[in-house]
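Everything below concerns the one structure shown next.
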Amino acid sequence: MTRTTIARMLCTALALAGCVAPAKVEPWEKGLLAKREMAFDADRLGTAYAEHTYTSKEGASGGAGVGGGGCGCN
């Protein structure tokens, strides 16, 4: 094997070594993304009330948060 081949294999191995195991990110390492305000449902009580109202009006459950077709009249 030539030195060039060995160098290429070494570079490939080092490049792939970073892809082997993803590091677990702890909540305190997330910075602004770990704040409560950044969650999709920051106000869980308000989300629960809105979901209950939607379920009562539509007569169906599930599908919250998914945009879809229809006439849009509620």
Side-chain angles (χ1 to χ4, degrees):
M1 293 171 77
T2 65
R3 288 185 181 187
T4 308
T5 306
I6 294 173
R8 286 183 184 168
M9 289 173 38
L10 182 62
C11 288
T12 302
L14 289 175
L16 293 176
C19 302
V20 173
K24 183 179 179 203
V25 179
E26 299 295 334
W28 58 85
E29 296 175 328
K30 294 179 184 175
L32 293 176
L33 296 177
K35 290 191 175 186
R36 188 170 159 219
E37 295 85 20
M38 293 296 289
F40 286 116
D41 58 347
D43 182 17
R44 292 186 182 183
L45 185 61
T47 303
Y49 283 138
E51 180 66 26
H52 176 72
T53 303
Y54 177 78
T55 302
S56 299
K57 287 170 65 175
E58 295 292 324
S61 63
V66 178
C71 66
C73 53
N74 288 327

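With sequence neighbours excluded, no residue satisfies side-chain hydrogen bond (donor to acceptor under 3.5 Å, both in side chains) with Thr12.
To the nearest 0.5 angstrom, Leu10 atom CG is 13.0 Å from Arg8 atom CZ.
Closest approach of Lys24 and Glu29 over heavy atoms only: O-OE1, 4.1 Å.
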